[in-house]
Amino acid sequence: MTNILILGGTTEARQLAGKLAARADLAVTLSLAGRTESPIAQGVPVRVGGFGGAQGLAAYLKETGTALLIDATHPYAARISANAAEAARQAGVPILALRRPGWQPVAGDRWTLVDSVAEAASALGTAPRRVFLAIGRQEAGAFEAASQHHYLIRSVDPVEPKLTLPDAIYLLARGPFPETEERALLEKHGIDAIVSKNSGGEATYGKIAAARALGIEVIMVRRPSVPDVSSAETVDQLAAKVDHLFEPVAERGV
Ligand SMILES: NC(=O)c1ccc[n+]([C@@H]2O[C@H](COP(=O)([O-])OP(=O)(O)OC[C@H]3O[C@@H](n4cnc5c(N)ncnc54)[C@H](OP(=O)(O)O)[C@@H]3O)[C@@H](O)[C@H]2O)c1
């Protein structure tokens, strides 16, 4: 058996794990950070929690005899991606990354590009606005510095403790979020600015398309830089790279 560790926390990581697990000769483990309280079933063995930096991950790779590390984390999870590249180097294990391409602005989009969530908070300006925060809960605290705005804050898990914002509505939801529903949400709350990460993919693009249709500004936080390792843009392309490294023997159950 060939042991493969997938660093996950994304839909693609789950899909890739399922695809690779269909091969009888691969033993796939999926790793989650443990941020989400009730993660959806992943369909393969899962381990949860940090490794203790690059060194900890390198030690894990050696202890478990992992033959391939796959970084399929979210494009904004920059620390684990850096750790993965360094750990693979230290442990002498090959690494592949699944790097979902970012969205590109098209005609009609009103994007303001910023380098960080903190910069997004100041880019909203001084006059009160009605803001849809769609960046997850971890960095929502940065908007306490811009408490003059009304906020609609959407996250998978509750923002705890609640932010010191006088005018905020919290919405718990897990994607995918279709454009028609996003449009209805923006209209219902009279939103005039959206703060978003450039996540790429279809599941969360609905708000971007809806913003375009409604002429709403999107404050887009640029992607952090990640290490330059061998990568693929889609689950199928990455699975093909794995097949190239470890030629399939047979499908499970065949
Ligand atoms: N950032 C986002 O916008 C976003 C959005 C959707 C999903 N996610 C997912 O949420 C998780 C955490 O994201 P983040 O932005 O907090 O990451 P991060 O800042 O890059 O990572 C912080 C620390 O969390 C641990 N960690 C992160 N991902 C891990 C994984 N898959 N398995 C085991 N440990 C992991 C590592 O701890 P140690 O150093 O102790 O190993 C890492 O140093 C990731 O799995 C990511 O794919 C993030």
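When a ligand or atom number is given, it counts from 1 through the structure's own listing order. Start at 1 with the first residue, then count along the sequence.
- Nearest to atom 45 (O) of ligand 1 among the protein's heavy atoms is Gly8 O, 2.7 Å.
- No N or O atom of Thr73 sits closer than 3.5 Å to an N or O atom of ligand 1.
- Polar contact check, Ile80 against ligand 1: a nitrogen or oxygen pair lies under 3.5 Å apart.
- Using a 4.0 Å heavy-atom cutoff, Leu57 is absent from the residues neighbouring ligand 1.
- Figure legend: Lys207 and Phe132 shown without cation-pi pairing, the cationic atom not lying both under 6.0 angstrom from the six-membered ring centre and within 45 degrees of its axis.
- The protein non-hydrogen atom at the shortest distance from atom 16 (O) of ligand 1 is Arg35 NH2, 2.9 Å.
- Under 4.0 Å from ligand 1, the heavy atoms of Arg47 that appear belong solely to its side chain.
- For Val48, no heavy-atom contact with ligand 1 is shorter than 4.0 Å.
- Taking the centre and axis of the six-membered ring of Tyr60, the NZ or CZ atom of Arg47 falls inside the cone set by 45° and 6.0 Å.
- At a distance under 4.0 Å, a protein heavy atom can be found next to atom 32 (N) of ligand 1.
- Closest to atom 48 (C) of ligand 1, if we only count protein heavy atoms, is His74 CB, 3.5 Å.
- For the ligand labelled ligand 1, residue Gly136 lies outside the 4.0 Å heavy-atom shell.
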